[in-house]
Structure formats: C-alpha cells, structure tokens
Amino acid sequence: MVGPRVRFAPSPSGYLHIGGARTALFNWLWARRHGGKFIIRIEDTDQDRSSIESVRAILDALEWLGLDWDEGPEVGGPHEPYFQSERRDAYARAVETLIGSGHAYRCYCSKEELDAARAALKAKDAKAQFRYPGTCRDRTDRPDKPFVVRFKSPTEGATDFSDLVFGTVSTPNASQQDFVLVRPNGYPLYNLSCVVDDHEMGITTVARGRDHIGNTPQQVMLYRAFGWDVPELAHLPMMLSAKGDKLSKRHAAVSVREYRERGYTPNAVLNYLARFGWSYGDQEIFEKAELVELFDWKRVGKSDGKFDENKFADVAFEHLKEERLTSAEHYAAWIAPFLEGAGIRPDRELLEKALPLVRPRARTLAEAANALDFFFRETPELDDKAKKKFLTPEAVPYLQALRTVLGDSPAWEEEPLERRFREWVESEGLKMKQVAQPLRVALTGRTASPGLFEVMLVLGRDKTLERLEGAIRVASGG
RNA sequence: GGCCCCAUCGUCUAGCGGUUAGGACAUCGGCCUCUCACGCCGGUAACACGAGUUCGAAUCUCGUUGGGGUCACCA
C-alpha cells in the first residue's frame, strides 16, 4: 500500500500563522508516519491578496520548522505547477465538464445587482439570509455579458461526509445555494480549485482547520458531480485566542517568525503545536521523531482550544533545558544569531562549555544569549546598580584577598576552588553571602548569574583573576 | 438569525460504565541555596445544567444552557 498524499495549501496573503503551522504539521506528521508525500500548494487565485513575498515568508517558516515537502514550490514534482494561479487551464476544463453535464451554469447577474438585493433584504430583516435566487439557473441563451459560473446545488436531501476527527457530518442541502465556481475574469474560486487540485494531485487525505468544515459539503457535491472519489477528510479543532475568539495578532504573537525571533527553537514550536488538539496520554514533551512515530488522527480531539503563551514558553524552555531535546551542537548553532545580534562573535569552544550553565536559566535563545554574554566580552558589562551596591570600597579588601586565595589554588577546578573559598570565608568569620555577591559582580557584571565556581571554571584562571583585578580598580573608586 | 461543530481544574489535556477524576502550564506554600534559576515536596482548582438508560454514569441517549465556526464574484 502506498502512503498517504497530504497537502498544506496556504494562501499567500501574509506570514505563516501559528494555526496554519499546526495544520501543516499534522499533515506532515501523517505523511512521514506512513511514508507518504507531503505536498505544498500555493492557493493564490485571489490576485489582489496574494504576494510573492508572502510565498517566501511562508516557505521560509516551513523550512525553519523542518517541515520539508516532497512536492511543491522549489522542489517541483509530478503535478506541477503548484501555484493555482498557473493552473487555470485545469479549472477551465473542469468547469466545462460541469456545464456540459448540467451541474453548473453561467450566471449573468452582476455583483452589483446581487449586492443590492442582499442589502435590500438585510435592510428589511437584518437576520434574514440572502441566497442567490437562481435567476440564471435555467437560462439557455448566452448574452454577450460578463458571467460567473455557478454550481447547481441540490435543493433537497442532505450532503454527508465522514471526517477522521468529527465523524459523520450532515448538512441539509436546503441550507446551501448555487455557489460561484468561476469569477468573471476566469479565475476559479476556492471550492473549485481546491477540489480539482486535490483530485489531480492525488491527495488522499485532506486535513485542514475546522473553519473549513462549512464548505466541505460544497466540495463533496463537486467531487460527486465530477464522478470523483472524495478523499479522506480531517478537520482540526480551532486554535483560539486566550479570550476564546479567533486568534489574531491583536491577542498575541501569531506568526511563526515572531517566535523564531523570540528565540523559540523549531522543535519546541512543533512540540507545542502538536500537543494542541492532539495528545498521547500524559506525555507533554516530544521529540520530533517521536511525534512522527506516535501521531494518529484517533488521538486528535474535537474541542477547540485556547492558545496559551505560558504553556508555549514552558515547552520552549523544556527543549532548551534538556540536552536530549536540544543537543549542544544545535543549541550553539541556534543561539549564534542571537549572540551576533548583541555584537558577540562566539568562540565555539567557550560556548559549549558555557551552555550547560544557561540551560536551566533561559526560556528562550534570546534569554540565553543575554545570560551568557559576559563570558564572551573582553570585560563584562557592569550593571550600574550592581556596581553601586557591591563594588564598594568596603569590598576591596575581600576582593583582594580572594584574588590571592583563588589565584593560589593549585587546581583550577570547581571543587578545590569552592573548598578554598569556603575555608577562607570561615577563617575570616564571614558569611558566604557577604563575599559571593561582590565576587559575582566582579566576574559577571551582574547580581544574578550561574554558580560562582562553575563560572570561574568556564572563564579560566587568567580571565577570572583579570576580572577580579578590574573590579578591584572599580571598587577602589578608579 | 440559518447551518455545522464543541463542552473535564484559569489553560492544554488523560479518561473510552465501577478511578480518592490523573498529568502538565499557571498560581500559592515549603525545601535546597553564593545570586538567579533548575530541582524536589505539598496546597488551591474541573466533569455546565436537567431528564433518561443502567445495579452503577465524566463516560451512552435526549433536552437546556453556554461557547466557537461559517453563511462572498476571500481562502
């Protein structure tokens, strides 16, 4: 048995939305799980809203997420082209078939006329719902006027389809109308191009957001009119805002790019998205490979969810914290742009030594870069408050003593350093806290940092003593 | 309003006739501690409501309520 052919079909009218990314992910997982094909198709039949920049942005985001596609833009494939704007011949042929078989007809009513009729109806009764009255349904003449092509919807009975997530969905045909298939300019509308392409591209499973469930009956009618098999359908519960309405940029960061810029790793994004509407017992954290192995439509829930930035941030954190999830190599590669953004050209060896120290302290790569930049600077950036509070003249004798105590340590390793430090603190009748903070500020420039001794170890003897010297100068009022 | 769909802690969810209704995030205590974190221990917190079916319902059925989606010559 050949694997499933699934697709992600964005319309290029902006960035890749986090909800769209989830749709792409579920499709991708299904394809990878069963050795099928993941196809990208660009739905750019609305020329006014589509842009090549958006195509680029969406593809970039998918690439960043690691949702690689087997057919589509850039990679091509047996069903080229993968841009609907370039597939008009296919739609034209399909529509002629439909007209020929009596399933569709040309409608010469102008948009203005219908808009006026709709407005008039709404004026009389705001709750009334306007339906195309069927004016041109049975007309046989072909006036020399612009026309749209409409589908001749049945008026009785119901249209049913079976959904992998929602089960059987039944819609009365009386609630449908003769929907438009082709604009006067010859461009197809969504339902037509979608059905024609899904069929021609051999799509076996159509998975998309639940907001599409409403036009699925229309698409099913089309499949039947064409005499084609209806593919498997899977609708995903909606991702709503924290308030419970449609998730948009008013509520939160909703583009994949924004999370990338915040320093979320791709696998963390995938993890959060996967767990949104899908679950696997009590497990919260998944590697990408695990998701591929475990994903199943049976475990996709039906109820909509609310996007939760806290949970998302926690998943991001979990991925950065665990080496199992983010290897040192990946961490180093991913954090590099953030360090470079802060004017640091990270030394790879130093970086890999410093990484374990920030892992439990950074929820994002941006935080991580900020938390360990002091390792890489010639001298740490000295926080003003920290300086005022801890690099005082009173601290000078302590720092001087520490320079000797630490500098004389035979071995530059955590354990002996800490032992010497503590012995000295005790012999002086001091408390750890009294000297730890000045030393921390001396070494890191700030009051919060990883443990002193691990910092010293990563810094090495020379830099540690050098920074101590520098701090003594500052504290002495230099 | 028509049509479609949904309904377990604040949030994501487990549960698929018999559980002290579990986990995670968030939140609140505590422990650890050189700071900040991590970690660990513990607390608060949910089956929307009403009828059925059943010896027994969070689980099945119906209704009510609530929420969402969609009603274009957008996708």
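Predicted model, so just to flag it, every value in this text is computed and none were measured. Here is the naming used below: chain letters follow the sequence lines, and residue numbers restart at 1 for every chain.
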pair_partner(B/rU61), Watson-Crick or wobble, both distances < 3.5 Å, evaluates to B/rA51

Exercise for review: Take A/Ile213 and A/Phe161 through the side-chain contact (heavy atoms from CB on, under 4.5 Å) test and state the conclusion after the steps.
Suggested key: CA-CA 10 Å; A/Ile213 211 166; A/Phe161 65 91; 3.8 Å; yes

For A/Phe295 and A/Trp297, take the angle between the two ring planes, folded into 0 to 90°, and tell me which bin it lands in: parallel under 30, tilted 30 to 60, perpendicular over 60. perpendicular

Distance between C1' atoms of B/rU8 and B/rA48 (Å, rounded)
10 Å

Let's go through A/Asn191 and A/Phe151 carefully: what are the C-alpha distance in whole Å and the side-chain angles of both, what is the deciding distance for side-chain contact (heavy atoms from CB on, under 4.5 Å) to 0.1 Å, and is it a yes or a no? CA-CA 10 Å; A/Asn191 281 317; A/Phe151 184 74; over 6 Å; no

Categorize A/Thr216 for me: base, sugar-phosphate, or nothing, with a 4.0 angstrom heavy-atom threshold over every strand shown.
nothing

Checking B/rU33, B/rC3, B/rC25 against the side chain of A/Thr171 (C-beta onward), the nearest is B/rC3

Under 4.0 Å from OP1 or OP2 of B/rC4: is there any side-chain N or O of A/Arg210 that close? no

Paired to B/rC71 by Watson-Crick or G-U wobble criteria (both distances under 3.5 Å) is B/rG1

State whether A/Arg361 places a side-chain N or O below 4.0 Å from either non-bridging phosphate oxygen (OP1 or OP2) of B/rU35. no

Here the distance between atom C1' of B/rC73 and atom OH of A/Tyr132, to the nearest Å, is 12 Å

Check whether A/Phe83 forms a cation-pi arrangement with A/Arg87 (NZ or CZ under 6.0 Å from the six-membered ring centre, at most 45° off the ring normal). no

#### Entry: Backbone of A/Gly186 reached by a side-chain donor or acceptor of A/Tyr91 within 3.5 Å
no

Which atom pairs link the protein and nucleotides 70-72 of chain B when you take only N or O atoms and keep those under 3.5 Å?
unit_1 : atom_1 : unit_2   : atom_2 : d
B/rU70 : OP1    : A/Lys246 : NZ     : 2.5
B/rC71 : O2'    : A/Gln129 : OE1    : 3.2
B/rC71 : O2     : A/Gln129 : OE1    : 3.3

Can you tell me, in whole Å, how much space there is between the C1' of B/rU13 and that of B/rA26?
-> 14 Å

Kindly give the atom pairs (protein nitrogen or oxygen, nucleotide nitrogen or oxygen) under 3.5 Å for nucleotides 10-12 of chain B.
unit_1 : atom_1 : unit_2   : atom_2 : d
B/rC12 : OP1    : A/Lys306 : N      : 2.8
B/rC12 : O2'    : A/Arg275 : O      : 3.2

note: A/Phe312, atom CZ; B/rU13, atom C1'; distance rounded to Å ~ 17 Å

For this session: Run the ring-centre check on A/Phe307 versus A/Tyr272 and record whether the distance is less than 6.0 Å.
Result: yes

(message) Would you measure the distance from the C1' atom in B/rU61 across to the matching atom in B/rU44 and give it in whole Å?
(response) 36 Å

Check your understanding: Base, sugar-phosphate, or nothing: which does A/Pro217 touch, judged by heavy atoms less than 4.0 Å apart?
Key -> nothing

By nearest-heavy-atom nucleotide on RNA chain B, the more 5' of A/Gly451 and A/Val148 is A/Gly451

When rounded to the nearest 0.5 Å, the distance separating CD of A/Glu413 from CD of A/Glu454 is 14.5 Å

* State whether A/Arg208 places a side-chain N or O below 4.0 Å from either non-bridging phosphate oxygen (OP1 or OP2) of B/rG69. => no

From CZ of A/Phe161 across to P of B/rC3 the rounded distance in Å is 16 Å

TODO: Measure centre to centre between the rings of A/Phe286 and A/Trp278, then say whether the value is under 6.0 Å.
DONE: yes

Review point. Which whole number of Å gives the distance between the P atom of B/rC5 and that of B/rC74?
Key: 27 Å

Closest to the 5' end of RNA chain B, once A/Gln437 and A/Arg363 are matched to their nearest nucleotides, is A/Arg363

As its Watson-Crick or G-U partner within any shown strand, both distances under 3.5 Å, B/rC36 has none

Using the C1' atom in both, what is the distance from B/rG52 to B/rA46, to the nearest Å? 24 Å

Touch check for A/Phe317, heavy atoms < 4.0 angstrom, all strands: base, sugar-phosphate only, or nothing? sugar-phosphate

Picking from B/rA24, B/rC73, B/rC36, the nucleotide nearest the side-chain atoms of A/Arg183 would be B/rC73

Any base atoms under 4.0 Å from A/Lys302, or only sugar-phosphate, or nothing? Heavy atoms, all strands. sugar-phosphate

Atom CD of A/Glu322 and atom P of B/rA24 are separated, to the nearest Å, by 15 Å

* Asked: Does atom NZ of A/Lys463 have more than 12 heavy-atom neighbours from other groups under 6.0 Å away?
  -> yes

- Task: For B/rU11 versus B/rG67, give the span between their C1' atoms, rounded off to a whole number of Å.
- Result: 15 Å

Q. What is the nucleic acid contact for A/Thr447, judged by heavy atoms within less than 4.0 Å: base, sugar-phosphate only, or nothing?
A. base

Practice item. Measure centre to centre between the rings of A/Phe38 and A/Phe8, then say whether the value is under 6.0 Å. Key: no

Note to self: Classify A/Ser279 by what it touches in the nucleic acid, base, sugar-phosphate, or nothing, heavy-atom distance under 4.0 Å.
What the structure shows: sugar-phosphate

Of B/rC25, B/rC34, B/rC73, the nucleotide closest to the side chain of A/Ala436 is B/rC34

For this session: Measure from NZ or CZ of A/Arg446 to the centre of the six-membered ring of A/Phe374, then state whether that distance is under 6.0 Å and the direction lies within 45° of the axis.
Result: no

Which part of the nucleic acid does A/Phe453 contact within heavy-atom distance under 4.0 Å: base, sugar-phosphate only, or nothing?
-> base

Exactly one of A/Ser54, A/Ser85, A/Ser11, A/Ser50 clears side-chain hydrogen bond (donor to acceptor under 3.5 Å, both in side chains) with A/Asp44, and that residue is A/Ser85

**Request:** Using a cut-off of strictly less than 4.0 Å, decide whether A/Lys321 has a side-chain nitrogen or oxygen near OP1 or OP2 of B/rG39.
**Result:** yes

B/rG10 -> Watson-Crick or G-U wobble partner, both distances under 3.5 Å, gives B/rC25

Side-chain atoms of A/Glu43 come closest, of B/rA24, B/rA75, B/rC5, to B/rA75

*asked:* Mind checking if A/Ser110 touches a base, just sugar-phosphate, or nothing, with heavy atoms under 4.0 Å?
replied: base

As its Watson-Crick or G-U partner within any shown strand, both distances under 3.5 Å, B/rA46 has none

TODO: Taking atom C1' in both B/rA57 and B/rG15, compute the distance separating them and give it to the nearest angstrom.
DONE: 13 Å

Open item on the list: Would you measure the distance from the P atom in B/rC25 across to the matching atom in B/rG50 and give it in whole Å?
Closed with: 33 Å

